[in-house]
Amino acid sequence: MHDFNGLGLLSPLSAGLSAAGYTKPTPIQAQALPAALAGRDVLGLAQTGTGKTAAFALPVLQALAKADKRARPHYPRALIMLPTRELALQVGTVFDLLGMQLPFTNAVVHGGVSINPQIKALAAGVDILIATPGRLIDLMDQGKCKLDNVVLFVLDEADRMLDMGFLPAVKKIVAKLPKTGRQTMFFSATMPNDVSGLAGSLLHDHVRVEVTPPATTVERIDQSVIHLDMAQKAPTLVKLLSDPAVETAIIFTRTKHGANKLAAQLAGAGLGADAYHANKSQNARERALDAFRAGKTRALVATDIAARGIDVDLITHVFNYDLPEVADAYVHRIGRTGRAGRAGTAVSLVTPADRPLLKQI
Ligand code: AMP
């Protein structure tokens with residue numbers, strides 16, 4: 001597919017595409033759009049960076065435009081669920097851009113901020129609600145958001161959603177969606193059993209589309225290993241971080257305690273670093289992320305699961321302070337750098353005790 005013509009997109013959406021500067025569909029868009037625009041359910045295996053947001057945003061906007069209805073107060077017509085505030089805000093921007101020539105309102109609701117403006121927005125009527133699970137449940141429990149009119153449902157980053165422990169919340173939300181007359185699009189980077197189980201329970205007669213991450217991702221990453229003893233780890237990392245080439249780094253530790261300890265050591269050495277893990281409050285994590293994004297701290301010390309919540313594209317370095325316990329996690333970790341076509345560097349500190357693990361990797 002060479003361009004977006006021939007998909008039957010309404011002209012306001014073609015205008016939105018021009019405004020966004022998209023001229024040629026990405027592979028996931030080329031695969032998903034014909035089915036999704038025809039109203040089919042879609043199961044998409046794709047990672048961030050593939051263009052999957054537009055792959056669901058265009059069909060959502062087109063379906064709403066064709067129905068030619070507007071949302072009643074408290075009753076959104078499309079629901080897009082994301083696991084993190086950062087992802088939700090990004091998706092909101094895409095809807096703003098692609099939908100700029102359409103009259104629909106969207107709202108992004110997530111935790112960590114006041115609920116009142118969100119309640120107000122819903123009371124005014126929101127066509128497209130972009131939400132993280134926790135805050136959406138609060139709004140539903142308070143009777144401010146009702147899902148009976150949702151005709152388009154998108155669950156994005158499903159694997160991350162489950163990793164973050166949102167399955168019960170997702171189930172509670174899904175139980176309130178209309179059972180029939182709804183189009184569902186489900187996206188996930190990976191498809192472990194719990195994720196495919198959830199997909200199976202949500203999708204009807206779906207089309208499966210899949211893009212493998214571009215092979216260049218890992219090829220662009222310069223990987224190296226430093227062999228050392230336990231006691232040399234912290235001083236070595238301090239030295240590595242002193243290199244000005246390290247603009248933004250994620251440092252992986254095996255435990256939350258280890259992350260705290262290391263972040264304190266780095267701060268003590270005058271290197272801006274914050275710990276980022278599940279024992280920190282959402283506010284503390286958001287503050288750490290904001291400082292990281294603003295360039296006030298150069299490094300986040302994170303555990304594997306928490307690192308999934310770090311939505312920062314331009315990470316120049318990944319340091320494996322501790323090697324991951326499973327080899328798969330290594331690829332996940334180093335994939336945090338080398339994004340968006342840029343080069344990245346991954347360095348692993350390996351003690352003699354880590355050797356068998358290194359061999360597996
Ligand atoms: P996503 O995977 O949806 O987060 O998109 C990754 C990046 O690709 C975003 O910066 C989008 O703005 C961009 N993008 C998405 N679709 C296209 C397209 N068809 N042409 C050019 N850029 C695109």
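Each residue takes its place number in the sequence, starting with 1. Note that ligands are numbered from 1 as they come in the structure, with each ligand's atoms numbered from 1 the same way.
Atom 21 (C) of ligand 1 is flagged as protein-proximal [any protein heavy atom, distance under 4.0 Å]. Inside a 4.0 Å radius of atom 8 (O) of ligand 1 there is not any protein heavy atom.
Residue pairs meeting the salt bridge (charged side-chain N to carboxylate O under 4.0 Å, His left out) criterion with at least one member in residues 346-361, sequence neighbours excluded, are R254-D354. Screening residues 101-114 for salt bridge (charged side-chain N to carboxylate O under 4.0 Å, His left out), with sequence neighbours left out, gives no hits.
Listed by atom number, the atoms of ligand 1 under 4.0 Å from T53 heavy atoms are 1 (P), 3 (O), 4 (O). Using a 4.0 Å cut-off to heavy atoms of T26, the atoms of ligand 1 that qualify are 16 (N), 17 (C), 18 (C), 19 (N).
Scanning the protein heavy atoms around atom 18 (C) of ligand 1, the nearest turns out to be Y22 CG, 3.5 Å. Ranking protein heavy atoms by distance to atom 19 (N) of ligand 1, first place goes to K24 O, 2.8 Å. Taking atom 6 (C) of ligand 1 as the reference point, the nearest protein heavy-atom neighbour is G49 CA, 3.6 Å. Nearest to atom 16 (N) of ligand 1 among the protein's heavy atoms is Q29 NE2, 2.8 Å.
A salt bridge between R77 and D68 is absent, with no side-chain N of the basic residue lying under 4.0 Å from a carboxylate O of the acidic one. With respect to the salt-bridge test (charged N to carboxylate O, under 4.0 angstrom), the residues D141 and K172 qualify.
Under the 6.0 Å distance and 45° angle rule, R333 does not count as a cation-pi partner of Y330. K24 forms no cation-pi arrangement with F4, by the criterion of a distance under 6.0 Å to the ring centre and an angle within 45° of the ring axis.
Considering both main-chain and side-chain atoms, G51 comes within under 3.5 Å of ligand 1 through a nitrogen or oxygen pair.
Only the side chain of F4 comes within contact range of ligand 1, with a heavy atom under 4.0 Å; no backbone atom does.
Side-chain atoms of T345 and D222 include no donor-acceptor pair closer than 3.5 Å.
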